Amino acid sequence: MDPNVRVRFAPSPTGYLHIGGARTALFNWLWARKNQGTFVLRIEDTDQDRSTEESVRVIFEALDWLGLDWDEGPLVGGPHGPYFQMRRLEVYQEFAERLIRAGGAYRCYCTKEELDAQRAKLPEKKRDRWVYPGTCRDRTDEPDLPWVLRQRVHGEGEVLLNDLVYGAIRTPISALQDQVLMRANGVPLYNFGAAVDDISMGINLVARGSDHIVNTPSQILIYRDLDAPLPRFAHLPMMLTPDGKKMSKRLGEQQGIDVPVEKYREKGWLPDALLNYIARFGWSQGDQEIFTRAELIEKFDWAQVGSGDGRFDKKKSAWVSGEHLRAQSDAALAAGVVPFLAARGLTVAPDDAKLLAAVKTVRPRSTTWVDMAEALDFYFRDEITLDPAAAQKFLNEGSRAQLAAIADVLSTLDDYSEAGITAALDAWLSAQGLEIKHVAQPARVALTGRAASPGIYEVLAVLGRERAVARLRAASVA
RNA sequence: GUCCCCAUCGUCUAGAGGCCCAGGACCGCGGCUUUUCACGUCGCUAACGCGGGUUCGAAUCCCGCUGGGGACACCA
């Protein structure tokens with residue numbers, strides 16, 4: 001345990017919280033909570049074309065739903081704010097001056113247009129191999145001209161990145177180029193903004209996606225030139241689509257994977273279940289598959305994080321979701337499903353006795369709230385619709401007569417409880433020389449409208465005498 | 001194309017030289033349970049990409065190949 005741990009999650013608000021971003025946030029959060037350190041949220045909104053306030057809100061909501069609370073950041077404040085990059089422009093200005101003085105950057109007066117023109121002269125195939133020729137490296141200051149801050153890559157040898165997950169990664173300094181760090185309007189680019197903020201916010205462990213490994217050497221150079229203490233770095237393997245491609249919203253959804261976190265909420269996932277699935281993705285702890293949030297905090301460690309990219313598995317994620325749902329108490333299940341019933345137009349109170357009883361019967365059959373609400377639907381709806389295929393298959397002249405007889409038995413029954421119903425129907429069945437299996441399916445269709453449901457006696461008991469008898473009679477005459 | 005990274009069942013993974021003719025989980029398949037569907041339970045199929053080394057011994061170390069992924073912006 002190390003309460004000095006300071007980690008951060010730094011999303012850019014360009015639409016939604018990406019499932020992979022949620023995992024990055026989770027690993028940082030787990031590490032902070034395990035160490036009783038500090039989890040910082042920083043919004044990297046420097047891409048003014050794509051950043052929106054709406055997506056800032058969406059990200060807050062998603063983190064809130066997941067229960068990943070931050071100790072410093074927007075809404076809660078903290079001693080290292082502001083926590084939106086666009087409100088930290090003076091900080092970058094100051095660091096820019098410092099970096100120039102330290103020899104780690106220079107003012108570049110080349111315009112984008114000039115450089116684009118140079119690039120355009122190259123044959124198309126070589127365009128992306130273009131490197132800045134260093135025109136302004138030693139240019140004297142031009143007080144009247146606009147300038148961008150450009151990194152002065154200097155020194156010999158290689159940059160060593162000692163990654164907690166990947167181990168030693170060496171990059172020759174010669175492979176790095178004089179990239180732009182800050183635009184003429186004072187808005188930083190990623191590598192500068194992230195490094196400056198991580199320094200000024202005292203972040204001592206940077207955990208992010210492995211797609212950022214290539215950025216790290218440039219950032220290490222900034223730390224070095226600023227004489228700032230280097231944080232530890234932990235890069236997380238990528239979460240890919242089932243096809244093994246980088247998970248974009250479009251590609252993910254093409255393959256049936258939800259990429260925005262809010263989708264999981266809409267589909268009725270338990271936040272802890274989603275956390276469990278994404279934590280177990282790239283990280284493991286022996287043979288354990290199901291973890292509570294507390295166990296995740298207790299057991300998480302970088303040593304168990306693997307370096308191989310993985311592919312999202314929808315089936316397994318559904319299983320994890322179901323495991324968590326089934327672990328809930330009846331009361332929690334009832335309370336949780338109420339909004340999802342409401343979404344289907346069914347108003348039920350969370351402490352409704354019938355709901356509590358009904359929930360027991362569908363518990364082993366559900367993987368999400370949405371599933372569960374669907375399974376519960378027939379208990380609470382006044383008029384059910386019969387599944388045509390099921391009705392055709394099981395409701396015929398013979399079964400209709402039996403349903404009518406069963407309705408009679410039930411309507412005169414003294415003890416309308418599951419035990420009472422079972423006893424009475426068993427007596428009736430044996431008097432008829434029948435077994436439950438001969439009438440179960442027709443009864444199921446009549447009572448629930450479907451060919452699959454909880455056990456017939458449970459359904460009868462929970463549904464209540466009035467509705468049960470009415471549905472049986474309705475089906476027997478149709 | 002260049003640079004970087006990765007490589008165990010279909011998928012997520014255990015495995016840090018002998019404990020592994022490779023273990024767990026999901027999926028799939030089969031049995032049991034059973035009024036349906038689930039849940040549960042028992043079992044089965046299924047992997048160390050290839051080639052060289054090093055070593056008494058390699059899934060584990062080294063090299064090459066192949067395959068995959070990522071990055072190559074005044075995006076993040």
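Reminder, nothing fancy here: chain letters follow the sequence lines and each chain counts from 1. Source: prediction; values computed, not measured.
Distance check on atom C1': rC63(B) versus rG23(B) gives 30 Å, rounded to whole Å. For the P atoms, the distance linking rG67(B) with rC20(B) amounts to 35 Å, nearest Å. Look at the C1' atom in both rA25(B) and rG68(B): the space between them is 24 Å, to the nearest Å. When the C1' atom is used for both rC27(B) and rU11(B), the distance is 8 Å, rounded to whole Å. Rounded to whole Å, the separation between the C1' atoms of rG28(B) and rA47(B) comes to 16 Å. rC26(B) and rA73(B) are spaced 45 Å apart, taking the P atom of each and rounding to whole Å. Separating the P atom of rC19(B) from that of rG10(B) is a span of 23 Å, rounded to the nearest Å. rA46(B) and rG30(B) are spaced 15 Å apart, taking the C1' atom of each and rounding to whole Å.
Using the Watson-Crick or G-U wobble rule with both distances under 3.5 Å, rC56(B) pairs with rG18(B). For rG1(B), the paired base is rC72(B) (Watson-Crick or G-U wobble, both distances below 3.5 Å).
Here the two rings, on His212(A) and Tyr190(A), have centers that are under 6.0 Å apart. Ring centroids of Phe27(A) and Phe300(A) are separated by less than 6.0 Å, placing the two rings close together. For Trp70(A) and Phe60(A), the gap between ring centers is short of 6.0 Å.
A donor and an acceptor atom, one from each side chain of Ser399(A) and Asn396(A), are located under 3.5 Å apart. For the 3.5 Å distance criterion, the side chains of Thr46(A) and Arg183(A) fail to qualify, holding no donor opposite an acceptor.
Side-chain N or O atoms of Gln255(A) include none that pairs as donor or acceptor with a backbone N or O of Gly252(A) at under 3.5 Å.
Checking rG28(B), rA38(B), rA76(B) against every side-chain atom of Pro364(A), the shortest atom distance belongs to rA38(B). The side chain of Tyr457(A) has rU35(B) as its nearest neighbour among rC26(B), rA76(B), rU35(B). Checking rU35(B), rC39(B), rC4(B) against the side-chain heavy atoms of Ile213(A) singles out rC4(B) as nearest. Residue Thr46(A) places its side chain closer to rA76(B) than to any other of rA76(B), rA7(B), rU35(B).
Using a 4.0 Å cutoff on non-hydrogen atoms, the parts of residues 274-293 of chain A near RNA chain B are Arg280(A), Phe281(A), Gly282(A), Ser284(A), Asp287(A), Glu289(A), ordered by number. Contacts between residues 152-172 of chain A and RNA chain B, defined by a heavy-atom separation below 4.0 Å, involve Tyr166(A), Ile169(A), listed by number. Non-hydrogen atoms lying under 4.0 Å from RNA chain B are contributed by Ala440(A), Gln441(A), Arg444(A), Ala451(A), Ala452(A), Ser453(A), all within residues 438-453 of chain A.
Position along RNA chain B of the nearest nucleotide to Phe312(A) versus Arg150(A) favours Phe312(A) as the more 5'-ward residue.
Note on Arg42(A) versus Asp197(A): salt bridge recorded, some NZ/NE/NH1/NH2 to OD/OE distance being below 4.0 Å.
Atom CH2 of Trp283(A) is separated from atom CH2 of Trp302(A) by 11.5 Å, given to the nearest 0.5 angstrom.
Protein atom CG of Leu236(A) is 14 Å distant from nucleotide atom C1' of rG70(B), rounded to whole Å.
For rC39(B), its base never sits under 3.5 Å from the side chain of Arg365(A) at any donor and acceptor pair.
Shown here are the salt bridge (charged side-chain N to carboxylate O under 4.0 Å, His left out) partners of Asp211(A), two or more places apart in sequence or in another chain: Lys246(A).
No cation-pi contact links Arg8(A) to Phe39(A), judged by a cut-off of 6.0 Å to the six-membered ring centre and 45° from its axis. Judged by the 6.0 Å distance and 45° axis criteria, Lys249(A) is positioned over the aromatic ring of Tyr16(A).
Ring-plane geometry between His235(A) and Phe233(A) is classed as parallel, the angle between the planes falling under 30 degrees on a 0 to 90 degree scale with a further cut at 60.
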Would you be so kind as to tabulate the donor-acceptor pairs closer than 3.5 Å made by side chains of residues 154-161 of chain A, with sequence neighbours excluded?
residue   : atom : partner   : partner atom : Å
His154(A) : NE2  : Arg224(A) : NH2          : 3.4
His154(A) : NE2  : Asp225(A) : OD1          : 2.9
His154(A) : NE2  : Asp225(A) : OD2          : 3.2

Please list each protein N or O that sits under 3.5 Å from an N or O in nucleotides 58-69 of chain B, with the distance.
residue : atom : partner   : partner atom : Å
rG69(B) : OP1  : Lys245(A) : NZ           : 2.0
rG69(B) : O2'  : Asp309(A) : OD2          : 3.0

Stepwise salt bridge (Lys or Arg N to Asp or Glu O under 4.0 Å) check, Glu253(A) with Arg250(A): CA-CA 5 Å; Glu253(A) 278 161 15; Arg250(A) 188 182 63 85; over 6 Å; no
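The side chain to side chain donor-acceptor pair (under 3.5 Å) test with His324(A) is passed by exactly one of Thr367(A), Thr368(A), Asn276(A), Asp272(A): Asn276(A).
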